[in-house]
Amino acid sequence: MRAGPMVRLVARSLLAPSFAVAAAILVKGYADAGDGFSAGAVAALGVMLQMLAFGRERVARDLPLHLAPRVAMCGLAIALGVLIIPVLAGGAPLEHWPPPGEKPIYIGTLELITAVVFDIGVFLLVLGACVAIIDALARARAAEEEVA
Amino acid sequence: MTFIVAPVAVLIGAGIVLALIDGTRRAAGVVAIAALTVATVMLCVLLGRVAADGPQAVVAGGWPADVGITLRVDALGAVFAATSLAIVLACAVQTVLRGVSSRITLALTVFMGAGLTGLFLTGDIFSFYVFFELAMICAYGLTAAEGTEGRFRAAFTFAVVNLVGSFLFLIAIGALYRATGTLEMLAVAERAAELNPNTALLLAVTFLVAFGVKLGLFPFHAWLPAVYLAVPAWIAAMFAGALANIGAYGLVRFGGAILPRELGVAAVAVIALGGVSIAYGAVQAMSRRATREVLAYSSIGHAGYVLVALGLGGPVGLAAAVIFSIANSLNKALLFLSAELRGPLTAGVFLVGTLSVAGVPPSAGFFGKAALFEAGVDAGSIATVVLLFVGGALSFVYLLQIYQHDRWRPREERDVPTPKEIAPRAQRTVAAVVAAVVLALGLWPQPLLAIGDQAAAELTVEAPR
């Protein structure tokens with residue numbers, strides 16, 4: 001199954017923008033605090049579009065699909081770290097740093113707070129898990145086509 | 001406070017490691033067993049503290065109580081968490097000692113343990129749902145792992161039926177939030193008393209159906225025998241001994257603590273449903289030949305007992321529901337872990353399990369049944385006492401039938417082939433340890449009874465009628 005040239009052109013030219021949009025959502029979400037889940041979903045959709053247009057094998061050559069499970073677990077580990085490090089430091093689980101009311105460090109308009117780190121974890125988890133699932137489905141499909 | 005967060009964190013951490021390495025390797029077994037042991041010990045310490053000092057709570061993020069998510073553990077949650085995780089540990093040890101056949105099973109087992117632990121330790125209904133889904137998704141995965149057609153078929157049924165249950169649960173949570181404006185369990189319990197009675201009753205029924213599906217209560221039980229038959233014995237033991245606790249816990253928590261008035265209104269219906277479940281489970285169990293199937297239907301019957309105890313209500317009824325659930329989950333784990341073993345000790349171990357289910361002293365099961373009888377007598381309900389008695393008698397019949405069909409008949413005349421080879425000693429030892437716990441709780445039931453009473457007292461104080 002191969003998509004037509006127009007679809008392939010659009011798919012290829014949308015890959016980079018979908019990652020850029022994902023990065024933007026990641027740091028500045030709907031209410032300004034970042035949204036790792038939507039960012040991960042958008043980035044995974046970008047990857048899925050490539051698979052639809054070019055087929056799994058071609059995409060696997062260009063993108064490191066086999067790393068997806070590891071990316072997901074790294075994301076989960078980061079989120080878990082944000083959960084337990086404050087406990088180890090004697091605070092409540094998931095406690096924010098810097099605490100509410102204090103001025104965080106700014107890079108341009110980007111605030112460096114633990115919530116962003118947590119969202120990066122969620123982003124990696126969602127991206128990795130979605131890509132791994134899409135990849136597994138695509139592989140099963142390819143195996144079926146081979147049999148047929 | 002640390003002990004509330006630490007068990008879940010340890011299990012998730014170990015789950016991450018296990019997901020990345022090949023689960024059939026020896027190292028994976030060591031990691032899984034170590035994490036489960038550490039978490040179980042922590043939960044036992046937590047249970048001790050709760051028993052001594054009462055409920056413990058911590059608010060995530062250090063936020064004010066009504067802003068942050070509350071992690072809260074009382075006697076009910078602590079005893080369910082410690083029992084469930086100990087059973088998961090026993091099952092995991094048994095399979096690791098025998099050799100794990102699929103690379104993903106241990107990771108799924110540990111993540112399921114994390115979900116189970118989390119949901120018993122949270123005081124917030126939405127995070128309860130999240131942990132609950134984590135445990136259920138791992139259970140679907142465990143059912144399908146190894147990927148044979150029969151397992152896939154069972155996993156598909158399991159997932160579809162239970163997703164309907166989860167969906168109803170999610171709707172009920174949404175409605176509850178709409179009606180009360182909070183999802184913190186204690187606050188919901190307070191505000192639920194002022195709800196429109198129709199709204200509250202509708203909510204209560206939806207919760208009952210949602211947990212009934214998980215527990216395998218008649219008439220929501222259809223998925224249960226298919227799943228318990230398809231999976232290996234140790235996974236069936238985890239499902240019957242640990243995962244089914246979600247349903248029992250949910251019914252006690254949501255019925256006994258959060259919506260007690262509605263439980264009172266529907267008491268007759270709840271007892272009737274429980275009675276039908278008991279009778280149906282027992283009759284079906286009697287008609288089955290394979291041991292596993294008998295045990296699966298017996299689980300459906302035992303879900304009914306929990307419901308009857310809840311319907312009787314009051315501190316005595318709630319305490320009976322807790323004590324019976326704990327004893328029952330130990331019994332079921334023991335039976336599933338030992339039913340397919342052969343060799344020295346195993347017949348005795350299985351006998352302990354059957355006698356405990358039948359309620360013969362000295363076993364944990366006796367005190368489970370005794371607590372139910374006490375609740376029935378206390379409520380002055382002759383029908384319930386008769387029901388419990390008939391249910392107990394029927395369970396004797398189907399348990400002895402296991403011997404009739406599977407053990408005493410000449411091997412070549414058995415309807416279902418039974419294993420011949422002697423099981424490794426390590427596996428038999430695990431089953432023997434669980435049997436020892438069941439016997440120990442029968443000889444010294446004080447801790448079990450005390451924690452049941454404490455759980456019921458805390459629930460009824462929190463939710464004044």
Side-chain angles (χ1 to χ4, degrees), chain A residues 31 33 36-37 64 66-102 104 113-119 121-122 124-133 135-137 139-140 143-144 147, chain B residues 1-23 31 35 38-39 42 56-65 67-73 103-104 107-108 110-111 114-115 118 121-124 127 130-131 134 137-138 140-141 144-145 147 152:
Chain A
F37 191 96
H66 63 282
L67 290 180
R70 262 175 263 181
V71 170
M73 288 301 134
C74 283
L76 187 56
I78 292 171
L80 184 68
V82 176
L83 173 80
I84 54 169
I85 288 171
V87 179
L88 298 178
L94 279 175
E95 196 160 299
H96 276 281
W97 191 89
E102 257 178 55
I113 51 174
T114 45
V116 173
V117 180
F118 185 78
D119 260 322
V122 174
L124 292 176
L125 175 58
V126 172
L127 173 64
C130 288
V131 171
I133 292 168
D135 189 30
L137 291 174
R139 260 182 304 174
E144 247 172 49
V147 172
Chain B
M1 179 197 87
T2 321
F3 281 101
I4 303 182
V5 186
V8 181
V10 166
L11 290 172
I12 293 183
I16 294 172
V17 174
L18 288 169
L20 291 177
I21 64 177
D22 180 359
V31 171
V38 168
M42 283 177 180
Q56 321 233 331
V58 53
V59 180
W63 297 103
V67 178
I69 293 168
T70 316
L71 301 173
R72 184 172 183 284
V73 51
R103 70 184 301 277
I104 196 70
L108 287 173
V110 170
F111 273 123
L121 300 189
T122 181
D124 173 87
S127 58
V130 172
F131 282 119
L134 172 62
I137 290 169
C138 293
Y140 309 146
F152 261 125

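Order of the sequence lines fixes the chain letters, A, B, ..., with proteins taken first and strands second; residue numbering starts at 1 for each chain. Bear in mind the structure is a predicted one, so any value in this text is a computation, not a measurement.
Shortest non-hydrogen contact noted between Gly81(A) and Pro86(A) is O-CD, 4.1 Å. The minimum heavy-atom distance linking Leu71(B) with Pro93(A) is given by the pair CD1-CG, 4.3 Å. The minimum heavy-atom distance between Met42(B) and Ala6(B), with the atom names listed, is SD-CB, 3.6 Å. Ala129(A) and Ala72(A) make their closest contact through N-CB, 3.7 Å (heavy atoms, listed as atom of the first residue, atom of the second, distance). For Ala68(A) against Ala132(A), the heavy-atom pair with the smallest separation is CB-N, 3.8 Å.
Among the residues in residues 9-19 of chain B, those with a non-hydrogen atom closer than 4.5 angstrom to a non-hydrogen atom of chain A are Ala9(B), Ile12(B), Gly13(B), Ile16(B), Ala19(B).
A distance of 6.5 Å separates CG in Leu125(A) from CE in Met73(A), rounded to the nearest 0.5 Å. Taking CD1 of Ile113(A) as the reference point, atom CG of Asp119(A) lies at 9.0 Å (rounded to 0.5 Å).
Heavy-atom distances place the backbone of Val59(B), and not its side chain, under 4.5 Å from chain A. Proximity to chain B (any heavy atom under 4.5 Å) is shown, for Leu76(A), by both the backbone and the side chain.
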